[in-house]
There are 2 protein chains.
Amino acid sequence: MAEVNIKYLAEKLKLSPSTVSRALNDSYEISQPTKDRVIAMAKELNYQPNPFARSLREQKSKTIAVIIPERINNFFSQVIDGIEEITQEYGYHLLVYSTHENVETERKIVSYLLNGRVDAIVMSVSSQTKKIDHLETVYSKGVPLIFFDRICQEIPTTKFISNDYENGFKATVHLIEKGCKKIFFLMLSKEISIGRERFRGYQDALKKYGLPYEENWIVQCSQSEEENIKLIARILYGLDRPDGILASVEKLAIATYHAARETRLEMPKDFKMVSFSNMKIAGLLKPSLTTISQPAFEIGSEMAKLLMKKLTKPNQPAFENKVIQMPSQIDFRESSN
Amino acid sequence: MAEVNIKYLAEKLKLSPSTVSRALNDSYEISQPTKDRVIAMAKELNYQPNPFARSLREQKSKTIAVIIPERINNFFSQVIDGIEEITQEYGYHLLVYSTHENVETERKIVSYLLNGRVDAIVMSVSSQTKKIDHLETVYSKGVPLIFFDRICQEIPTTKFISNDYENGFKATVHLIEKGCKKIFFLMLSKEISIGRERFRGYQDALKKYGLPYEENWIVQCSQSEEENIKLIARILYGLDRPDGILASVEKLAIATYHAARETRLEMPKDFKMVSFSNMKIAGLLKPSLTTISQPAFEIGSEMAKLLMKKLTKPNQPAFENKVIQMPSQIDFRESSN
DNA sequence: CTTTGACCCGAAATCGTTTGCATCAAAATT
DNA sequence: AATTTTGATGCAAACGATTTCGGGTCAAAG
């Protein structure tokens with residue numbers, strides 16, 4: 001493969017490696033004619049600097065890690081698209097990892113990243129994450145860290161979410177106004193902070209309208225689609241079945257569609273549903289699904305902007321400990337009508 | 001941040017860096033007691049080897065690039081999941097890039113990867129890719145390269161696809177058997193090899209059943225969803241409108257749903273449709289969509305297995321110039337009934 | 001005629017690992 | 001007893017880029 005490196009360029013040009021390096025980096029110490037010669041030769045030989053030598057020397061990698069709980073989810077794909085939109089301009093690379101909602105995997109991935117392999121980490125924690133010492137380690141090592149969607153409140157850094165509380169509230173009010181009296185709340189796990197916010201909105205809306213809710217209306221689902229369908233079907237078969245459902249994540253809405261089909265119940269006649277979801281084709285479902293969708297792309301690009309500012313400008317402070325809320329959008333469709 | 005490195009470990013242990021390195025790499029030249037001491041100390045100080053120093057020295061990065069035309073597509077997400085499943089075990093990292101179906105972006109991304117940043121590239125080319133000199137460069141530089149789905153026939157390496165010809169054929173036959181006489185074929189671009197195979201299957205099926213087809217039944221769509229909807233709607237409004245549609249990619253099927261809605265035509269009454277798609281919720285659409293879905297996860301994991309074999313074992317030959325076909329699955333649903 | 005400063009360039013150290021070769025004691029062999 | 005072998009370790013050179021330091025030239029200024 002005979003890589004062409006700086007030394008080789010220097011030889012060809014009868015210059016020293018340092019001069020070549022400086023010329024390529026447009027140093028003021030090098031005369032214009034020399035620069036031109038060097039650049040021309042570099043182009044001719046198609047010189048590509050070795051990224052590892054550079055990273056080793058400069059102690060930075062121009063690489064960012066993105067850790068998400070699952071890939072097969074439009075929301076996360078859109079967020080990554082948003083991140084890439086910005087980072088690509090700056091020549092940064094993206095290492096993407098999926099934890100598959102598994103804490104152990106999450107811990108392992110994070111541990112790979114503590115050796116300087118990446119300049120920063122952007123992540124959405126797994127739904128099973130309870131102990132957060134691995135995240136504290138990242139923080140204490142000084143690796144810039146940003147959370148989004150599934151955030152970890154305990155770590156004092158910047159977090160991006162959408163106005164989950166507000167939309168949990170609005171969605172519930174919407175169901176109430178459509179006449180629902182028994183509104184169930186489907187969630188993945190108590191551990192997810194995001195679920196909590198959406199849940200608080202739900203609770204407060206019920207309270208405001210003087211509606212009751214019982215413990216078993218809060219349905220804790222699992223990772224298994226099959227089990228979730230069974231669980232929800234059982235609930236729909238039950239005597240105490242809901243006339244309204246608020247699904248805190250997309251996959252639970254999908255499971256509900258399957259469960260409804262199994263139990264031969266029809267939305268919105270037998271029960272109504274609203275779901276948090278960034279599915280593009282919510283409008284093509286049968287029935288079309290009322291969704292609360294997050295500005296995923298913008299969340300990604302905003303995070304990336306913040307990152308790029310910190311990584312490419314000198315003397316930037318650590319990320320502030322704050323939560324940035326981006327507005328979601330509710331699209332009313334048949335499922336809740 | 002005071003990174004703990006080998007030199008520091010050596011000092012602490014009163015050993016030379018070389019001994020420490022060898023001990024950590026479990027070299028036969030080092031005595032067991034010394035190894036134990038070194039390993040214990042490394043664990044205590046939480047030593048993490050610097051990946052760049054190692055990559056620089058070893059001339060390999062333990063990183064693989066995955067280049068896809070778009071992220072918001074279940075097929076590609078599943079493929080990446082499949083790749084990760086295997087590579088993670090071997091401690092390999094995944095750099096993921098999206099070209100957004102843009103050749104220029106594709107060229108730029110590829111050029112970033114010619115400097116040893118990655119040990120291999122797995123890619124699905126953009127629909128606009130016509131000139132392939134950038135891919136030839138990758139190949140000639142000796143970077144291991146595997147194509148999937150949108151393959152580039154001209155490069156002599158291993159390619160993974162599903163039995164596109166066969167399924168294009170079967171899907172068309174299915175539509176014919178359901179009574180369709182005017183079957184249109186929706187494609188993204190003539191450049192995509194994959195489209196060609198599917199198209200050949202379509203053509204041959206028509207031929208076999210003695211059905212005609214006209215030039216303008218082959219619809220070339222664009223990247224813009226909006227334009228595609230308009231285009232398809234215009235076709236559906238037309239006098240010469242199809243009674244069957246074979247969509248070669250998922251996004252065109254979605255566009256067709258929107259166009260049908262606009263023109264108030266109903267599937268499968270007014271026309272029937274089959275689409276290549278890995279959408280999980282095809283069964284929940286209105287009407288549910290008959291799909292040909294690829295074994296995406298397996299395509300990913302098979303590619304990764306091949307890669308890992310080449311990268312982790314000594315003296316492996318270059319990838320054979322062959323096309324590996326994985327069987328797709330057809331799920332018949334309402335849209336074509 | 002010296003000094004100053006602008007300008008151009010090279011030698012060598014550095015980043016953290018790995019590894020070919022040298023070293024040196026103890027054990028084994030002649 | 002002298003020599004070879006073995007086993008365990010250290011020295012120093014890579015890998016390829018950046019950067020500190022320092023040297024030299026040449027023209028203008030003092």
Side-chain angles (χ1 to χ4, degrees), chain A residues 1-39 41-42 45-63 91 112 114-119 141 314, chain B residues 1-39 41-42 45-63 91 112 114-119 141 314:
Chain A
M1 262 203 277
E3 278 313 321
V4 33
N5 56 23
I6 281 208
K7 211 187 292 176
Y8 181 72
L9 274 185
E11 236 172 73
K12 280 268 179 191
L13 289 159
K14 297 206 187 306
L15 286 172
S16 82
S18 37
T19 305
V20 175
S21 169
R22 275 188 269 251
L24 292 173
N25 291 330
D26 201 26
S27 160
Y28 69 98
E29 297 183 279
I30 305 297
S31 70
Q32 198 54 52
T34 311
K35 279 185 190 171
D36 293 343
R37 270 182 67 219
V38 172
I39 291 171
M41 179 66 80
L45 299 184
N46 194 25
Y47 164 74
Q48 298 278 58
N50 182 307
F52 305 119
R54 189 175 271 175
S55 289
L56 178 58
R57 175 67 217 230
E58 312 234 288
Q59 306 284 35
K60 57 183 182 180
S61 61
K62 286 205 132 196
T63 303
Y112 289 150
L114 296 175
N115 50 18
R117 185 181 288 274
V118 295
D119 295 342
K141 281 255 183 182
Chain B
M1 261 203 278
E3 277 314 319
V4 34
N5 56 23
I6 282 206
K7 213 187 292 177
Y8 181 71
L9 274 185
E11 236 171 74
K12 280 268 178 192
L13 289 159
K14 297 204 188 305
L15 286 173
S16 80
S18 41
T19 305
V20 175
S21 169
R22 274 187 267 252
L24 291 173
N25 291 330
D26 202 26
S27 160
Y28 69 98
E29 297 183 279
I30 305 296
S31 69
Q32 198 54 53
T34 311
K35 278 186 191 171
D36 293 343
R37 270 181 65 217
V38 172
I39 291 171
M41 180 67 80
L45 299 184
N46 192 25
Y47 165 74
Q48 298 278 56
N50 182 307
F52 304 119
R54 187 174 275 175
S55 289
L56 178 58
R57 176 67 217 232
E58 312 234 286
Q59 305 284 37
K60 57 183 182 180
S61 62
K62 286 205 131 195
T63 303
Y112 289 150
L114 295 175
N115 49 17
R117 185 180 289 274
V118 295
D119 295 342
K141 281 256 181 181

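Quick note on labels: first sequence line is chain A, next is B, and so on, each numbered from 1.
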Side-chain N,O ([X]) to OP1/OP2 ([N]) below 4.0 Å:
X     : N      : result
A:S31 : C:dC9  : yes
B:Q59 : D:dA14 : no
A:S21 : D:dT18 : yes
B:T19 : D:dT9  : no
A:N5  : D:dG16 : yes
A:N25 : D:dT18 : yes

Please report, rounded to the nearest Å, how far the [atom2] atom of [N] is from the [atom1] atom of [X].
X     : N      : atom1 : atom2 : value
B:Y8  : C:dT17 : OH    : P     : 14 Å
A:K60 : D:dT18 : NZ    : P     : 11 Å
B:R22 : D:dT9  : CZ    : C1'   : 8 Å
B:D26 : D:dA8  : CG    : P     : 13 Å
B:I6  : D:dC11 : CD1   : P     : 15 Å
B:R37 : D:dA8  : CZ    : C1'   : 13 Å
A:E29 : C:dA6  : CD    : P     : 13 Å
A:F52 : D:dA14 : CZ    : C1'   : 17 Å

Under 4.0 Å between any heavy atoms, over every strand shown, what does [X] touch: base, sugar-phosphate, or nothing? Just pick one.
X     : result
A:R57 : base
B:T34 : sugar-phosphate
A:Y47 : sugar-phosphate
B:K14 : sugar-phosphate

Go through [options] for me and flag the one nearest to the [X] side chain.
X     : options                : value
B:K7  : C:dC15, D:dT9, D:dT18  : C:dC15
A:S18 : C:dT17, C:dG20, C:dA12 : C:dA12
A:E58 : C:dT19, D:dG10, D:dT19 : D:dT19

key: B:D119 (side chain) donor-acceptor with B:K62 (main chain) under 3.5 angstrom   =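 Side chain of B:D119 to backbone of B:K62: a pair is present.
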
inquiry  = Using only atom types and a distance under 3.5 Å, with no angle test, would you say the side chain of B:R37 pairs donor to acceptor with the backbone of B:L13?
reply    =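 Yes; judged by distance alone, with no hydrogens or angles, the pair exists.
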
inquiry  = Quiz question: by atom type and distance under 3.5 Å, do the side chains of A:S18 and A:S21 form a donor-acceptor pair?
reply    =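 Note: A:S18 and A:S21 side chains miss the donor-acceptor criterion.
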
query = Will you find, in the side chains of B:T19 and B:S16, an N or O donor that is under 3.5 Å from an N or O acceptor?
reply =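 Yes, because at least one side-chain N or O of B:T19 sits under 3.5 Å from a partner of the opposite role on B:S16.
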
Position toward the 5' end of DNA chain D (nearest nucleotide), B:P17 or B:A53 =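 It is B:P17, whose closest nucleotide lies nearer the 5' terminus.
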
query = Of B:V38, B:I39, B:V20, B:L24, which meets side-chain contact (heavy atoms from CB on, under 4.5 Å) against B:Y47?
reply =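 Testing each of B:V38, B:I39, B:V20, B:L24 against B:Y47, the sole residue satisfying side-chain contact (heavy atoms from CB on, under 4.5 Å) is B:L24.
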
ask   = Does the distance from a Lys or Arg side-chain N to an Asp or Glu carboxylate O, for A:K35 and A:D26, drop under 4.0 Å?
value =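 Salt bridge between A:K35 and A:D26, a charged N being under 4.0 Å from a carboxylate O: yes.
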
